[in-house]
Amino acid sequence: MHSHKDYIRQTIKQQQRLLSKEQLAQWSLSVCQQLQQHPKIAACQTLLAYAPLPNEVDIFPLIEHCRQAGKTVLLPRVEPRRQLSWHRYEGRQSLAEGAYRLLEPTTPAVCPLQTISPQTLTTGANPDAEALVVLVPGLAFTPDGKRLGRGGGYYDRFLSAARQSTTTGKGTDPSDATSECAPRSAQPRSLYTIGVCFPFQLIDHLPTEAHDEKIDEIVTP
């Protein structure tokens, strides 16, 4: 299983090296344009995104578009025990290089570790708003939502915890009961995940394990 996943990772990286920066930039622009017009993103008040690596789809234009539109954009920071905390994006100046050479927000955590309660991510959030949207990076995806990450399991852990929170309306860590992300409403909202990738990262089959979380939709040029 792991050797097959490693082979796919190597193959994807080899394919990427054969493409020009211009082609990758053109595809990134196409993805951003699709996401800007996506009804789920248009309706959401809070978008969970990520700062892309140089070899990933550049979603910064989308992130800036959402921020300028008044949406709350949260980006992750890598924490111990392979967990993610979520922080408000306040422009490129709010980012610094962190673990694994990832750009990470320097702002205070809005959602510590795996805890997330979509009802309270933004002050005065409309309880009738559409699903909380999470943009998910990956090395490869299948059309039916299977995902291959970089091997750390960060997003699988986070999505599992977040889906539990949106289903039950309860946070996943009792120690965070007084945090900004602690649930204050008995009416949970749904979570909608969108995988973002280049065309060569969309493949027919991926080996999966019990802990692998599926993605609701894949957006590619």
Which of L48, T46, V110 passes side-chain contact (heavy atoms from CB on, under 4.5 Å) with T72? Answer is T46

With under 30° as parallel and over 60° as perpendicular, where do the rings of H4 and Y7 fit, or are they tilted in between?
tilted

Parallel, tilted or perpendicular: ring planes of W86 versus Y155, cut at 30 and 60 degrees:
perpendicular

Distance in Å, [X] [atom1] paired with [Y] [atom2], rounded so as to fall on 0.5 Å steps:
X    : Y    : atom1 : atom2 : answer
S28  : I59  : OG    : CD1   : 9.5 Å
T208 : D156 : OG1   : CG    : 10.5 Å
L139 : Q10  : CG    : CD    : 11.0 Å
L24  : F198 : CG    : CZ    : 4.5 Å
L135 : I41  : CG    : CD1   : 5.0 Å
S94  : L75  : OG    : CG    : 7.0 Å

Between the main-chain N or O of [Y] and the side-chain N or O of [X], is there a donor-acceptor pair closer than 3.5 Å?
X    : Y    : answer
K71  : C44  : yes
K214 : D144 : yes
Q34  : T220 : yes
S160 : R157 : no
T193 : D216 : yes
Y50  : L53  : no

Within the structure provided, determine whether [X] and [Y] are in side-chain contact (heavy-atom separation under 4.5 Å).
X    : Y    : result
I203 : F141 : no
F60  : L62  : no
I194 : V136 : no
L102 : E97  : no
L35  : V196 : yes
Y154 : Q83  : no

Given side chain to side chain contact (heavy atoms under 4.5 Å, CB included), test L206 with I8 step by step and report yes or no.
CA-CA 8 Å; L206 274 175; I8 294 173; 3.6 Å; yes

Minimal heavy-atom distance between P221 and C197, with the atoms involved, is CD-O, 3.5 Å

Using every non-hydrogen atom in the two residues, find where G149 and R9 come nearest and quote the distance to one decimal.
O-NE, 2.8 Å

Hey, is D204 close enough to K146 for a salt bridge, meaning N to O under 4.0 Å?
no

Evaluate I218 against R147 for side chain to side chain contact (heavy atoms under 4.5 Å, CB included), listing each step before the verdict.
CA-CA 10 Å; I218 313 301; R147 170 185 172 270; over 6 Å; no

Linked, directly or transitively: V57 and L19 (ILVMFWY side chains, under 4.5 Å):
yes

Assess, by modelled atom type and distance only, whether the side chains of E79 and S85 contain a donor and an acceptor separated by less than 3.5 Å.
yes

Under a plain distance cut-off of 3.5 Å, with no hydrogens placed, do E104 and H87 share a side-chain donor-acceptor pair?
no

Residues in salt bridge (Lys or Arg N to Asp or Glu O under 4.0 Å) contact with R67, at least two apart in sequence or another chain:
E64

Determine, stepwise, if the pair D58 / K21 fulfils salt bridge (charged side-chain N to carboxylate O under 4.0 Å, His left out).
CA-CA 11 Å; D58 182 4; K21 292 182 179 180; over 6 Å; no

Side chain to side chain contact (heavy atoms under 4.5 Å, CB included) evaluation trace for H205 with T142
CA-CA 6 Å; H205 302 287; T142 63; 5.5 Å; no

